[in-house]
There are 2 protein chains.
Amino acid sequence: MLRRSFTYQLASIAEDAVGPAARLFESRFGLDVHELRVLRLVGDQPGVTFTTLSRQTKFERSATSRILSSLIKGGLVRREIDENDARHFRLYVTADGQALRERADPLSLELETLILSVLSLTEQAEFRRILDKLSGWLDREFMTELQARYPEMAGPAKKARS
Amino acid sequence: MLRRSFTYQLASIAEDAVGPAARLFESRFGLDVHELRVLRLVGDQPGVTFTTLSRQTKFERSATSRILSSLIKGGLVRREIDENDARHFRLYVTADGQALRERADPLSLELETLILSVLSLTEQAEFRRILDKLSGWLDREFMTELQARYPEMAGPAKKARS
DNA sequence: CTTATATAGTTTCAAAATGCAACTATCTTA
DNA sequence: TAAGATAGTTGCATTTTGAAACTATATAAG
């Protein structure tokens, strides 16, 4: 078999993994995976600020803002004006949001376990370790490195569309 | 640091990897990454049929059809009616398509090397091996397994949108 | 032979997502 | 008190989406 491009393979795995999950979360909790992603990021970083968050979501700022609005409207997230700088909002998950996460997380875990079940435990650990290493690099030095090597591509991340 | 959901991590890595690549291919070759994906899949499987292809692309059939049309219009792919069954088209990359691939592939390889450069050679090999194992499983048994466990979600893969 | 059904692939179209740019509001500096 | 800078939101034109309808060929049944 021909060796497929690594990026294609990654994107393809991500789609196979996220796609079914998306449908399940939608049908069980009426929750869009994008919303879930934001809910989790906020939950894991109480008091996180919008700009930080939107860098992590990998969505556009405007998209993140809209998702956030919908979470707030749904009572899953609340925001507080920063007392030192009223331009900032500090974001927190509400009790309802927390409750929802607590229902959603086991399903995530279940799916994750199923996906990884084809790997031995050693492989799973190794895979995780490698993914962590990769994410760290991609989040930090990689982007700088890219800009340096390919100055032709400025501007922020464009839709990858897998 | 909190352990992030594996699917989020994967999607996030894929986006970081594919996003920049998308912009580069666009600016250097005027080629959309989706088109490139299809071009490669056809190139690697001369005579492949539309339905097979669209399963591999992970796009909707209609999207695949549109991308294919654009490749054909651009003279990068050609199609022939199957002599045994006129409902099928057999797809082939043209000389122009091949030439384009030959210009694009080195860039892909370069990017891929850069992305993986944070890993040791052993890790790279291990990572690849694990990815292969995962893709195989996800393409085959996994989907069946999912349907069995979660009958509530029928229908074909929905946009994962990461 | 004629009708029914299945399969391959394309096209249409309304709804949703995208992303730039303009906008509001606050803060900082001078 | 005016001029930027920063945080976040919203408007809106464009693009993307995906389900459904459609065309065309093949196969099966009566």
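Quick note: numbers below take in every heavy atom, side chains included, and nothing from hydrogens, waters or symmetry partners. In what follows, chains are A, B, ... by sequence order, proteins preceding strands, each numbered from 1. Predicted model only: the values in this text are computed from it and were never measured.
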Tabulate protein N/O versus nucleotide N/O from nucleotides 14-16 of chain C, keeping only pairs under 3.5 Å, one per line.
none

Does [X] come within less than 4.0 Å of [Y], counting only side-chain N to carboxylate O?
| X | Y | result |
| --- | --- | --- |
| B:K58 | B:D139 | yes |
| A:R23 | A:E26 | no |
| A:R128 | A:E112 | yes |

Starting from [atom2] on [N], measure out to [atom1] on [X] and report it in whole angstrom.
| X | N | atom1 | atom2 | result |
| --- | --- | --- | --- | --- |
| B:L53 | C:dT10 | CG | C1' | 15 Å |
| A:N84 | C:dA25 | CG | C1' | 17 Å |
| A:F59 | C:dG19 | CZ | P | 11 Å |
| A:E60 | D:dG11 | CD | C1' | 14 Å |
| B:E15 | C:dG19 | CD | P | 11 Å |
| B:H88 | C:dA6 | NE2 | P | 17 Å |
| A:F50 | D:dG8 | CZ | P | 7 Å |
| B:D32 | C:dT18 | CG | C1' | 15 Å |

Original post:
Looking at C:dG19, does its base get a donor-acceptor pair with the side chain of A:R61 below 3.5 Å?
Top reply: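 Answer is no: no donor-acceptor pair is held.
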**OP:** Under the side chain to side chain donor-acceptor pair (under 3.5 Å) rule, collect the residues that match up with B:T49, sequence neighbours excluded.
**Re:**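 In terms of side chain to side chain donor-acceptor pair (under 3.5 Å), with neighbours along the sequence ignored, B:T49 is linked to B:H88.
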**OP:** Could I get the full list of side chain to side chain donor-acceptor pair (under 3.5 Å) partners for A:R140, not counting sequence neighbours?
**Re:**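 In terms of side chain to side chain donor-acceptor pair (under 3.5 Å), with neighbours along the sequence ignored, A:R140 is linked to no residue.
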Original post:
Between A:L107 and B:Y150, is a side-chain contact (heavy atoms from CB on, under 4.5 Å) present by the stated rule, with each step listed?
Top reply: CA-CA 11 Å; A:L107 179 56; B:Y150 308 98; 4.0 Å; yes
**OP:** Could you pull out the closest heavy-atom pair between A:I13 and B:S135, with the gap in Å?
**Re:**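 Residues A:I13 and B:S135, closest heavy atoms: CD1-OG, 3.7 Å.
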Original post:
Closest heavy-atom contact between B:S5 and A:R40?
Top reply: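 Distance-wise, the nearest heavy atoms are CB-NH1, 4.4 Å.
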**OP:** Strictly below 4.0 Å, heavy-atom distances to any atom of DNA chain C: list the hits from residues 64-83 of chain B, or just say none.
**Re:**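 Heavy-atom cutoff 4.0 Å gives B:S65, B:R66, B:R79.
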Subject >> Which residues share a salt bridge (charged side-chain N to carboxylate O under 4.0 Å, His left out) with B:E110, sequence neighbours left out >> reply: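 With sequence neighbours excluded, B:E110 shows a salt bridge (charged side-chain N to carboxylate O under 4.0 Å, His left out) to no residue whatsoever.
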Expected rows: protein N/O vs nucleotides 20-25 of chain D N/O, under 3.5 Å:
none

Subject >> Donor-acceptor pair between A:T57 and A:T64 side chains, under 3.5 angstrom >> reply: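 A:T64 and A:T57 do have a side-chain donor-acceptor pair below 3.5 Å.
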**OP:** Report yes or no: do B:T51 and B:R61 form a side-chain donor-acceptor pair below 3.5 Å?
**Re:**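 Yes, B:R61 and B:T51 have a side-chain donor paired with an acceptor closer than 3.5 Å.
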**OP:** Name the nucleic acid region contacted by A:T49, choosing base, sugar-phosphate or nothing; use a 4.0 angstrom heavy-atom cut-off, strictly under.
**Re:**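 Here A:T49 touches the backbone only, sparing every base.
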Original post:
Reckon B:T51 has a side-chain N or O less than 4.0 Å from the OP1 or OP2 of C:dG9?
Top reply: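 So the side chain of B:T51 is within the cut-off, an N or O lying under 4.0 Å from OP1 or OP2 of C:dG9.
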